[in-house]
Amino acid sequence: MNKSISKHTLEKLLQWFLQVREDYFFRKQRNPYRVWVSEVVLQQTRIQAALEPLERFFSHFPDVKSLADATEEKVVYEFRGLGYYSRARNLRKGAIYITQFFDGKLPESYDKLLQIPSIGPYTAAAIASICFELPYPVCDGNVKRILLRANKWSLTTRDPNVDSKCISQLKKLYKGLPAGNVNEAIMELGQKICTRTKPKCTICPIQDSCKAFAQGVVNKYPLIPKKKPKVDVNWHLFIVVHNNKVLLQKWNNFYFLKKQKSFPSILDFPTTKKQECSWETKKRQINKFIKKYSAKPLPSLKHSITKHRIVIFPYIIFSSCWEEVKNSNSLVWVSEQQAEKQLVSSALSKIWKLYQQSEILESSHDKNT
DNA sequence: AAGTCGGGGAA
DNA sequence: TTCCCAGACTT
């Protein structure tokens, strides 16, 4: 006997949830602003890693108004440690939008929530159900994994059809149930029991409704997507310093970290032919800079963005004579304090720390020249 | 439709 | 070490 998921299944799930529910600080009151920010953060950051930065974020931005009034730089800075910094910029945009169009309060409507920057289908459903008891199922990675197993649907969690399949199945069952609690319950099941690896099926409260468990094939679901090949990138970047100022570049078309300030850079793709000029040409360019400006190489470091395997080669240049300044308005000198606050992404802050450790070199260099 | 964007836990 | 996750936005 393997029954499919029913309203009774969700009722059993709720019972389990009420017993194991974690008392996270952001759950204490169902304040729409706090639920919004928390859900945006928890989209892609595990709860344990998010707790501290999230409390810090709330202490600086306790409500929509404070977030809307803050500068983008400050918002991104207080988001540090959480990754995916476009979320911070979009949260600020969202706060401004809410101020402008909804009188500073999150609207009690799924469709209106969806208009707000940073709020997509998942976040709109989470806020609508948790704060306003509107019957919208959330569909995140946990929900998809659970339903793909329970239904034995032979799809990957990335399949574009999965979201609508999951939502339409759940939506039929939500009538008369507390939507917010059901949504939190199903996601907590995914975190604690129906985990991606080593699921704890023997203590699963909805084991009876799981087709994969009944047939002993839980670890065959969800289907594994075929992986894409990685691209190697060598990222040569120049930390140009003079009089405690550092030269940063905001280049909107740069390959990585668009819209963020970075360092003047040269990219090389050693294993692909896609680059605009040969490695020999790049090497000549780089060597030219090294010679011309007495660039000092720092230890290289590894980094990864999406399907790229990146090796970063940082060089320090102690000089105010960077000719390219004249040719580019995207280059700007900033103080070290400003740089500290603007180089937030992990790759850049790693490089910045590396530079600070070697700052002693700068002072000795200055004395000797 | 496909690519961007971290940081951490598991393999 | 390497692999992999996952939602909103961008292109």
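Residue numbers begin at 1 in each chain, while the letters A, B, ... track the order of the sequences.
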Report yes if a side-chain nitrogen or oxygen of [X] is closer than 4.0 Å to either non-bridging phosphate oxygen (OP1 or OP2) of [N]; otherwise report no.
X	N	result
A:T45	B:dG8	no
A:K144	C:dG7	yes
A:H308	B:dT4	yes
A:T197	B:dA11	yes
A:R196	B:dA11	no

Tell me: [atom1] of [X] to [atom2] of [N], nearest whole Å?
X	N	atom1	atom2	result
A:N90	B:dG6	CG	P	13 Å
A:D140	C:dG7	CG	P	5 Å
A:K307	C:dC3	NZ	P	15 Å
A:H303	C:dT1	NE2	P	15 Å
A:Y97	C:dC9	OH	P	11 Å
A:R158	C:dA6	CZ	P	7 Å
A:W36	C:dA8	CH2	P	13 Å
A:D163	B:dA1	CG	P	14 Å

For [X], answer base if it contacts any base atom (sugar-phosphate contacts may also be present), sugar-phosphate if it contacts only those atoms, and nothing otherwise; contact means non-hydrogen atoms under 4.0 Å.
X	answer
A:P160	nothing
A:S118	sugar-phosphate
A:R80	nothing

- Measure from the side-chain heavy atoms of A:R309 and tell me the nearest of B:dG6, C:dC3, C:dG7.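 So the side chain of A:R309 is nearest to C:dC3.
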
- Proximal nucleotide (of B:dG6, B:dG9, C:dA8) relative to the A:Y122 side chain: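 Of all the options, the side chain of A:Y122 is nearest to C:dA8.
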
- Message: Looking only at the aromatic ring of each residue, does the gap between the centers of A:Y315 and A:F238 stay below 6.0 angstrom?
- Response: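 Yes; A:Y315 has its ring centre under 6.0 Å from that of A:F238.
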
Using a strict cut-off of less than 4.0 Å between a Lys/Arg side-chain nitrogen and an Asp/Glu carboxylate oxygen, indicate whether [X] and [Y] qualify as a salt bridge.
X	Y	value
A:R21	A:E188	no
A:D159	A:K165	no
A:E78	A:R80	yes

- Taking the C1' atom of each, how far is C:dA8 from B:dG9, in whole Å?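 Their C1' atoms lie roughly 24 Å apart.
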
- Query: Given the rule that I, L, V, M, F, W and Y join up when any side-chain heavy atoms are under 4.5 Å apart, are A:Y174 and A:Y122 in one cluster?
  - Reply: yes

- Walking DNA chain B from its 5' end, the first of A:A49 and A:K198 to be reached, judged by nearest nucleotide, is A:A49

- Query: Closer to the 5' end of DNA chain B via nearest nucleotide, is it A:R46 or A:R87?
  - Reply: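 Looking at DNA chain B, the more 5' nearest nucleotide goes with A:R87.
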
- Could you check if a side-chain atom of A:C210 sits within less than 4.5 angstrom of a side-chain atom of A:I206, using non-hydrogen atoms only?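 Counting from C-beta outward, A:C210 and A:I206 never come under 4.5 Å.
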
- Query: Considering heavy-atom distances to DNA chain C, does A:Y84 or A:K93 have its closest nucleotide positioned more toward the 5' end?
  - Reply: A:Y84

